[in-house]
Amino acid sequence: MAYYSDEVIEEVRSANDIVDVISGYVRLQRKGSNHFGLCPFHNEKSPSFSVSQSKQMYYCFGCGAGGNVFTFLMEYENFTFQEAMETLAQRAGIRLPQKEMTAQQRQESDYRSKLMEVNREAGKYYYLLLRSERGARALEYFRGRQLTDETMRKFGLGYADKYSDGLYRYLKAKGYADGILKDAGLISVDERRGACDKFWNRAMFPIMNVHQKIIGFGGRVMGDGEPKYLNSPETPVFDKSRNLYGLHLARQSKRPQMLLCEGYMDVIALHQAGFDNAVASLGTSFTSGHASLLKRYTKEVYLTFDSDGAGVKAALRAIPILKEAGLSAKVISMKPHKDPDEFIKALGAQAYQERIDQAENSFMFEIRILEQNYDMEDPQGKTAFHNEIARKLLAFPQEVERNNYIEAVASKYQIGFDNLRKLVAYVSSQEGMVQRPKPLKSGVQKKELQKGAGIKKSQKLLLTWLSEEPELYEMIRAYISPDDFSDELCRQTAAVLFAQLDAGELNLAQIPSHFDDMQEQREIAAAFHESIREVRTKQEREQALKDTIVKLKENHLQMLRENRNPDGMQERFRQMVEEKKMLEVLRKKVFILPE
């Protein structure tokens with residue numbers, strides 16, 4: 001990603017009023033000082049999506065989506081920050097600076113550009129050849145798969161000639177050297193045969209990156225040749241483990257999940273049927289790189305693999321990779337058909353949507369497949385199966401989540417909730433797989449959770465208050481600092497906010513850009529939209545402000561007391577003395593707010 005200074009980022013942001021930008025996507029109506037509309041990130045009947053012109057931020061009180069104008073485009077359009085910058089800069093007529101490159105960086109950039117350029121030319125060649133007389137056989141193949149002309153155009157489908165040097169001669173005539181053609185994976189060179197095309201007599205599937213640039217190809221042989229499917233080799237612009245077929249289209253989908261398939265035709269058939277969120281790995285097993293890529297665009301992945309043994313094994317390999325990346329997974333059943341393409345042709349889009357709605361939880365899928373390895377009519381086999389279930393349940397670190405799955409599994413396999421829970425505890429103690437939490441006195445844990453939530457709410461409340469009434473900062477700055485915020489994200493946000501207020505340059509919309517993670521940007525937006533309870537009189541507002549600050553100071557003092565780390569003990573003791581004195585002053589202090 002190109003680097004931009006804070007000044008350039010702020011120039012682009014401030015040139016794009018958030019209400020104007022979001023109004024192009026969401027119908028907004030002004031209510032009071034804010035604009036409201038139906039949230040584009042979740043289904044709702046009454047507007048809870050708020051856009052603040054003064055804060056230049058948006059926030060949904062229903063689903064928690066929030067941030068600045070960059071965040072909105074990244075969430076709605078599935079843009080990277082770079083793409084959001086370029087789009088907003090173009091909208092405002094701002095020319096973005098180009099980062100100075102070293103000679104080596106320029107050479108590498110030019111080389112990659114040349115590879116992309118030659119791939120684009122190859123794509124044009126294959127595309128035009130499919131629509132010529134020589135491409136009749138491949139065109140017949142695609143139409144036999146019930147693809148429309150529009151779908152073939154959308155995916156840039158083509159044909160590699162039956163002659164083994166057709167593309168080579170075409171690209172050589174355009175002035176490309178053998179070296180760049182070989183590096184792009186388009187030709188092979190040996191001493192006996194010389195140069196020949198990598199793909200010939202094949203129906204061609206261009207592979208595009210998320211920016212809709214061709215980075216490689218897949219080809220299906222016309223006839224009985226081997227291999228049936230052939231992919232481009234790895235090149236400097238094509239990494240199979242970090243690209244997904246169809247993602248350049250699927251990333252723009254408004255559907256909440258991604259459909260993960262095994263093959264090109266499955267993706268194309270699903271898109272043609274209206275499921276524009278389908279992608280597939282590129283002739284290789286699903287990897288953590290694929291999972292990381294998907295995480296940029298979704299939180300939920302539905303596996304729609306072949307229903308045969310190989311498809312089941314592929315699903316079992318993909319599920320833990322998705323979980324490791326923090327994605328939830330479900331499995332769609334294709335039975336009695338082999339794959340999504342065959343299913344759609346036989347039963348149609350509505351039936352496939354029903355299969356999506358009925359998709360199986362990935363853990364329950366794993367347990368169901370696991371059951372097939374045991375003789376459930378034999379007590380020994382049944383016991384072994386139950387023990388294996390217990391081991392798998394121990395993979396859930398949170399007790400609440402683990403208990404939910406214990407309940408689901410116990411219900412499905414008629415084991416009994418208490419029996420299965422005891423078995424999980426027994427296996428845990430025998431194998432040392434998890435540490436048992438120390439029992440707490442009744443109500444203690446609940447009180448601690450409530451206290452933590454209350455403190456965080458108070459911290460967010462103060463941030464919201466200062467964002468809406470920045471003149472209060474002069475009144476409280478002597479009593480509060482970012483260190484008084486125990487929540488790490490609130491502390492970081494307070495540090496930036498207080499620095500702006502000290503400089504007399506309040507700019508709330510700039511704050512989310514200090515954080516790369518989308519979830520953090522959401523939480524920052526939430527921190528500036530905490531609901532301030534209604535206070536009817538000036539005295540009540542003054543008391544509420546004092547109570548909030550006192551609560552933060554008391555919490556900070558308690559944290560200092562509970563810190564048993566011997567490092568820095570003397571400094572902590574000094575801070576505790578100061579905090580006690582400050583609290584004594586605060587409890588007697590009367591804040592006089594402006595009318």
Inset, instruction - Show your working on salt bridge (Lys or Arg N to Asp or Glu O under 4.0 Å) between Arg574 and Glu578 and close with a plain yes or no. - result: CA-CA 6 Å; Arg574 184 192 64 77; Glu578 289 183 358; 2.4 Å; yes
Going by distance alone, is a donor N or O of one side chain under 3.5 Å from an acceptor N or O of the other, for [X] and [Y]?
X: Thr287; Y: His290; value: yes
X: Ser23; Y: Asp20; value: no
X: Asn277; Y: Gln257; value: yes
X: Glu83; Y: His211; value: yes
X: Glu86; Y: Gln82; value: yes

Should we say atom [atom1] of [X] is surrounded by more than 12 heavy atoms from elsewhere, each under 6.0 Å from it?
X: Glu471; atom1: CD; answer: yes
X: Gln90; atom1: CD; answer: no
X: Lys422; atom1: NZ; answer: no
X: Lys254; atom1: NZ; answer: yes
X: Lys551; atom1: NZ; answer: no
X: Gln53; atom1: CD; answer: yes
X: Arg30; atom1: CZ; answer: yes

Salt bridge [X]-[Y], side-chain N to carboxylate O under 4.0 Å:
X: Glu523; Y: Lys460; answer: no
X: Arg13; Y: Glu10; answer: yes
X: Glu579; Y: Arg561; answer: no
X: Glu388; Y: Lys392; answer: no
X: Arg402; Y: Glu399; answer: no

[atom1]-[atom2] distance between [X] and [Y], expressed to the nearest 0.5 angstrom:
X: Leu303; Y: Ile319; atom1: CG; atom2: CD1; value: 5.5 Å
X: Leu88; Y: Leu73; atom1: CG; atom2: CG; value: 5.0 Å
X: Phe365; Y: Ile332; atom1: CZ; atom2: CD1; value: 11.5 Å

When you compare the side chain of [Y] with that of [X], does any pair of heavy atoms fall below 4.5 Å?
X: Leu497; Y: Leu501; answer: yes
X: Leu293; Y: Arg242; answer: no
X: Leu327; Y: Met258; answer: no
X: Glu554; Y: Arg587; answer: yes
X: Ile415; Y: Leu423; answer: no
X: Leu586; Y: Lys546; answer: no
X: Phe363; Y: Leu393; answer: yes
X: Leu552; Y: Gln459; answer: yes

Inset, instruction - Output every pair passing salt bridge (Lys or Arg N to Asp or Glu O under 4.0 Å) with a member in residues 484-501, not counting sequence neighbours, ordered by first then second residue. - result: Lys456-Asp487, Asp484-Lys553, Glu488-Arg491
Inset, instruction - Any pair with a residue in residues 494-515 that passes salt bridge (Lys or Arg N to Asp or Glu O under 4.0 Å), sequence neighbours left out, goes on the list, sorted by first then second residue, please. - result: Arg477-Asp502
Legend entry - Parallel, tilted or perpendicular, as decided by the 30° and 60° cut-offs, for the rings of Phe72 and Tyr76: parallel
Inset, instruction - Run through Phe49, Phe36, Tyr25 and flag the one making a ring-ring contact (aromatic ring centres under 6.0 Å, His included) with Tyr58. - result: Phe49
